[in-house]
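Since the structure is predicted, the reported quantities are computational estimates derived from the model, not experimental observations. Letters A, B, ... mirror the listed sequences (proteins, then strands); counts begin at 1.
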Amino acid sequence: MPELPEVEVIRLGLVPRVQGRRLLGVTVGEKRLRQQSETMALQKWLPGRAILEIERRGKYLLFHLEGGVSLLIHLGMTGRLLLLPEPAPALLPVHLIFHLEGGLDLAFQDVRRFGQALVFPPGVEPAPLAQVGREPFSRQVTPQWLATQARGRSRPIKNFLMDGRILAGIGNIYASEILFAARLHPGTPVGRLTLADWTRVLKETRRILKAAIAKGGTTVSDYLNSQGETGLFQLELLVYGRDQEPCRCCGQTVARMAQGGRSTFFCPKCQQEK
DNA sequence: CACCCCACCTGCGTGC
DNA sequence: TGCACGCAGGTGGGGT
């Protein structure tokens with residue numbers, strides 16, 4: 001579910017309510033997430049430590065705790081981080097509950113269990129973050145840099161945009177939207193894009209991600225922010241999920257195709273192969 | 001390397 | 001109504 005905007009909206013909701021508070025304890029649910037630290041490790045490193053800072057890297061949330069400990073959270077496809085007044089009402093199965101100072105529970109709930117919750121002792125760099133590419137809003141990302149990354153490569157631009165080791169945080173929904181806005185066919189081999197194309201791709205990436213954050217993210221089925229609210233950006237999607245409907249720009253029927261096992265939505269007229 | 005495909009999970013909508 | 005199938009915002013491991 002959550003791509004960069006959704007994770008950022010969750011972060012923005014947590015910062016004023018959670019940052020500075022102490023973690024009192026952790027309750028571990030029955031079923032483990034695909035990547036979850038051993039209960040012993042969670043119990044050893046988390047209780048008693050204040051949350052100093054909450055950082056986002058790509059689709060990961062990194063909680064910096066007192067004493068150099070860090071807690072890495074990834075929401076996978078269906079993960080939610082819900083802030084609840086204690087005692088947490090009996091929701092659907094919850095995988096982890098972080099009990100916070102001041103009568104708050106932070107519940108991690110994830111039906112499909114593709115999520116991650118990993119603790120790292122002081123001085124240990126969270127391994128998954130080594131794979132995370134550059135932030136789309138970073139000054140380190142320029143059209144020239146993107147062109148360099150793409151040079152000599154043949155993979156489709158859609159797959160390139162979704163490769164989190166290059167640009168972090170873009171998933172299946174926003175990749176389709178970005179390519180529609182940039183008027184590029186999703187199958188275009190990246191090595192074939194011009195600097196002008198990359199300039200457009202970057203501009204549209206930033207514009208769309210920013211707008212999605214401002215609208216509270218996109219809810220297509222499961223996504224809720226930390227307050228349990230849906231996003232609103234689904235109302236502004238121009239191609240994603242609009243298979244067989246008229247293009248908002250030209251009226252042509254929006255098409256769907258499979259790329260890397262995922263659905264891509266695009267307008268065959270607005271986004272022609274070059 | 002670069003690239004592709006599949007596994008990992010559960011739930012929901014569709015069509016027979 | 002019941003069941004099989006396809007599909008869903010993720011990453012990463014293994015094969016070509």
Side-chain angles (χ1 to χ4, degrees), chain A residues 1-11 29-36 56-62 72-81 91-95 108-118 126-133 136 148-179 186-192 205 208-209 212-213 215-225 230-237 239-244 256-265:
Chain A
M1 125 194 113
E3 305 184 30
L4 184 153
E6 291 73 37
V7 177
E8 181 64 12
V9 169
I10 289 172
R11 192 187 73 83
E30 302 269 290
K31 294 186 168 184
R32 286 169 59 89
L33 302 166
R34 189 146 90 108
Q35 302 270 12
Q36 179 178 315
R56 182 190 56 73
R57 296 213 209 155
K59 299 169 192 166
Y60 286 93
L61 282 177
L62 184 60
L72 186 69
I73 298 280
H74 192 291
L75 298 172
M77 294 274 253
T78 52
R80 291 172 176 168
L81 266 186
L91 313 144
L92 313 168
V94 166
H95 298 89
F108 188 159
Q109 171 187 308
D110 181 6
V111 258
R112 288 177 75 181
R113 293 189 280 133
F114 290 169
Q116 306 179 32
L118 300 167
L129 295 183
Q131 303 301 312
V132 177
T148 305
Q149 295 303 304
R151 187 168 305 146
R153 301 201 181 180
S154 60
R155 62 206 296 220
I157 175 68
K158 163 84 164 4
N159 299 22
F160 178 92
L161 280 183
M162 286 181 63
D163 187 338
R165 292 165 305 183
I166 303 168
L167 264 187
I170 300 172
N172 204 41
I173 293 178
Y174 296 108
S176 281
E177 294 297 312
I178 290 163
L179 292 173
T188 312
V190 273
R192 203 181 291 172
T205 296
I208 288 171
L209 296 180
I213 293 168
K215 289 284 176 177
T218 300
T219 299
V220 295
S221 60
D222 300 288
Y223 171 71
L224 297 177
N225 68 20
T230 68
L232 288 173
F233 196 72
Q234 64 277 12
L235 303 173
E236 325 231 335
L237 297 176
V239 282
Y240 182 85
R242 299 195 61 252
D243 183 20
Q244 305 287 66
R256 170 158 85 158
M257 69 175 177
Q259 286 184 291
R262 321 292 302 275
S263 287
T264 303
F265 300 86

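For the pair A/Asp163 CG and B/dC3 P, the computed distance is 9 Å after rounding to whole Å. Going from atom CE of A/Met257 over to atom C1' of C/dC7 covers 17 Å, rounded to whole Å. Straight-line distance from the CD atom of A/Gln259 to the P atom of B/dC3: 14 Å, rounded to whole Å. Rounded to whole Å, atom P of C/dG10 lies 5 Å from atom CD of A/Glu3. Per the geometry, CZ belonging to A/Arg262 stands 8 Å off P belonging to C/dT11, to the nearest Å. Atom pair A/Phe114:CZ and C/dG10:P shows a separation of 11 Å (rounding to whole Å applied). When the P atom of C/dT11 is taken as reference, atom CZ of A/Arg34 falls 11 Å away, rounded to whole Å. Going from atom CG of A/Asp222 over to atom P of B/dT10 covers 14 Å, rounded to whole Å.
Residue A/Arg112 places a side-chain atom within donor-acceptor reach of the base of C/dA8, judged by atom type and a 3.5 Å distance cut-off alone.
Looking at A/Tyr174 and A/Glu6, their side chains do bring a donor and an acceptor atom within 3.5 Å of each other.
Distances shorter than 4.0 Å separate none of the side-chain N or O atoms of A/Asn172 from OP1 or OP2 on C/dA8.
Closest heavy-atom contact between A/Gln234 and A/Gly217: OE1-O, 4.0 Å.
Remark: B/dC9 base-pairs with no nucleotide; criterion is Watson-Crick or G-U wobble with both hydrogen-bond distances under 3.5 Å.
To the nearest whole angstrom, the two P atoms, one in B/dC9 and one in C/dC3, are 24 Å apart.
Residue A/Gly171 is classed as a sugar-phosphate contact, given heavy-atom separations below 4.0 Å to backbone atoms only.
Summary of the strand contacts: A/Arg256 and A/Tyr60 both lie near DNA chain C, and taking for each the nucleotide with the nearest heavy atom, the more 5' one is attributed to A/Arg256.
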